[in-house]
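Working notes, structure below.
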Amino acid sequence: MVRLITHNILACHVKGCTSNNFPLQLQGVQIELREAEFNPEFLKTFLPKIEWKALVDTAKEARDTSLPLEQPEMLDDEFLKNLHHVLLEIHIEEGTMICPNCKHNYPISNGIPNMLLAEHEVG
Amino acid sequence: MAPPSVTSATISKEPGVYEDEFVHDIYERIAPHFSSTRYKPWPVIASFLSNLPAGRVWTIGLDKSLNLLKIAKNAGGVSREVVRANVLDQPWREGAFDYAISIATIHHLATHERRKQAVKRLLQSVSPNHGRVLIYVWAVEQDDLSKREIPVDELQPGGKDVFVPWVLPDPNADKTQVFNRYYHMFAKGELTQLVSEASEEMGLQVGTKNSDAQTGIELKQDGWERSNYYVELHRWSI
């Protein structure tokens, strides 16, 4: 289960692919929604670590448009609940993540993303 | 019958190919049995983990073995995130993590350069301002309680390359299968030396935070515990 909180740190690492290599785009994904315990303190701790635009764009690819384009200053319950859902309840089980720059495909199978590269692709 | 013993190893192939044969392929095959023998962390690791802010840590496991990852994903009835990748690579945003732990992994890499590369990847994965890294590797000096006898015929300051057997019971027959896993057993001082080299090559000053350098790394603790060497590193920046 790749959740979007994890996806938000994955980046392409093919040799020479060092710019515009994040976020990896979702394609042909199977998604499962699973309820998780709501923990506002956890979310507030994580907010500064998140690449916001990447999260909003990726959520859209996973058919969720509940997040605002800019991080709000006021962290009200409605926002935190939407953030909670996007980060922790959307599980990508199958599909592909594609580098926006070099188009390398990283498959996800049984909820496990495969970031391994062939020897000649390693930087 | 006495258990098979640890024997000297010679890296006879290109290191990546060698590791595939004597590390990765073996762990894929022994994964369930190996996992069933892991039941609790060593004290230094338990202490490191208990000092993290409870309930506010997101954990991601990395391994190359798909079979181990499938187990790790749900081990202990807890659902957690895992990523299949190589410890020599950097599959994430630099500095994205606050903490990184590498337990009993780097000693499976077959050259000094590759082990150094793995240390660099750990240092790159954590925050340059406050990232903390804990590394644990096997020591040449083994615990008296350990069942292993290490051949001491050619002890070198640079550690020792050995095969450590894994005995896999065969449930369908009254016999066992033995897999020889490659290990580089670290000599005293070798892990801290490796970390220093990796840090210097990354432009990180080794020592406590000071105004002579922009960024560096402090050796918070190092030592020997239960047949392993460990080191805890804290990154800092001005």
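In what follows, chains are A, B, ... by sequence order, proteins preceding strands, each numbered from 1.
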For A/Thr6 and B/Trp58: C-alpha separation, side-chain torsions, deciding distance, then whether side-chain contact (heavy atoms from CB on, under 4.5 Å) applies.
CA-CA 9 Å; A/Thr6 298; B/Trp58 187 249; 3.0 Å; yes
Crowded around B/Arg114 CZ? As in, over 12 foreign heavy atoms under 6.0 Å?
yes
Identify which part of A/Asn114 has an atom lying under 4.5 Å from any heavy atom of chain B, answering side chain, backbone, both or neither.
both
Taking every non-hydrogen atom, the tightest pair across B/Lys73 and A/Ile112
CD-CG1, 3.8 Å
Counting only non-hydrogen atoms closer than 4.5 Å, does A/Tyr106 touch chain B with its backbone (N, CA, C, O), its side chain (CB onward), both, or neither?
neither
Closest non-hydrogen atom pair, A/Met115 against B/Ala85:
CB-CB, 4.0 Å
A/Asn21, part contacting chain B, at a heavy-atom distance under 4.5 Å
neither
Side chain, backbone, both or neither: which part of A/Leu88 has a heavy atom under 4.5 Å from chain B?
side chain
d(B/Lys70 NZ, A/Ser109 OG) to nearest 0.5 Å is 7.5 Å
Is it true that atom CD of A/Glu94 has more than 12 heavy atoms of other residues, nucleotides or ligands lying nearer than 6.0 Å?
yes
Gap separating the CD1 atom of A/Ile9 from the CD1 atom of B/Ile60, nearest 0.5 angstrom:
3.5 Å
Would you say B/Gln214 has more than 12 foreign heavy atoms packed within less than 6.0 Å of its CD?
no
Are there over 12 heavy-atom neighbours, none belonging to A/Lys53, within less than 6.0 Å of that residue's NZ?
no
Go through the steps to decide whether B/Lys64 and A/Leu116 satisfy the test side-chain contact (heavy atoms from CB on, under 4.5 Å), and finish with yes or no.
CA-CA 8 Å; B/Lys64 196 171 171 184; A/Leu116 289 175; 3.9 Å; yes
Could you walk me through whether B/Glu81 and A/Arg3 pass the side-chain contact (heavy atoms from CB on, under 4.5 Å) test, one step at a time?
CA-CA 8 Å; B/Glu81 303 273 292; A/Arg3 298 190 231 181; 3.2 Å; yes
For chain A, find which of B/Gly16, B/Gly55, B/Pro53 contributes the most heavy-atom pairs closer than 4.5 angstrom.
B/Gly55
From the list B/Val57, B/Leu62, B/Val83, the residue making the most non-hydrogen contacts under 4.5 Å with chain A is B/Val83
Would you indicate whether the side-chain heavy atoms of A/Lys49 and B/Phe97 approach each other to under 4.5 Å?
no
A/His13 side, atom NE2; B/Leu88 side, atom CG - distance, nearest 0.5 Å:
11.0 Å
Non-hydrogen atoms of chain A under 4.5 Å away: do they reach the side chain of B/Leu69, the backbone, both or neither?
both
Quick check for you: among A/Ile5, A/Thr45, A/Asn39, A/Leu10, which has the greatest number of heavy-atom pairs under 4.5 Å with chain B?
A/Ile5
Minimum-distance pair of heavy atoms, taken over all atoms of A/Phe22 and B/Arg93:
CZ-NE, 3.6 Å
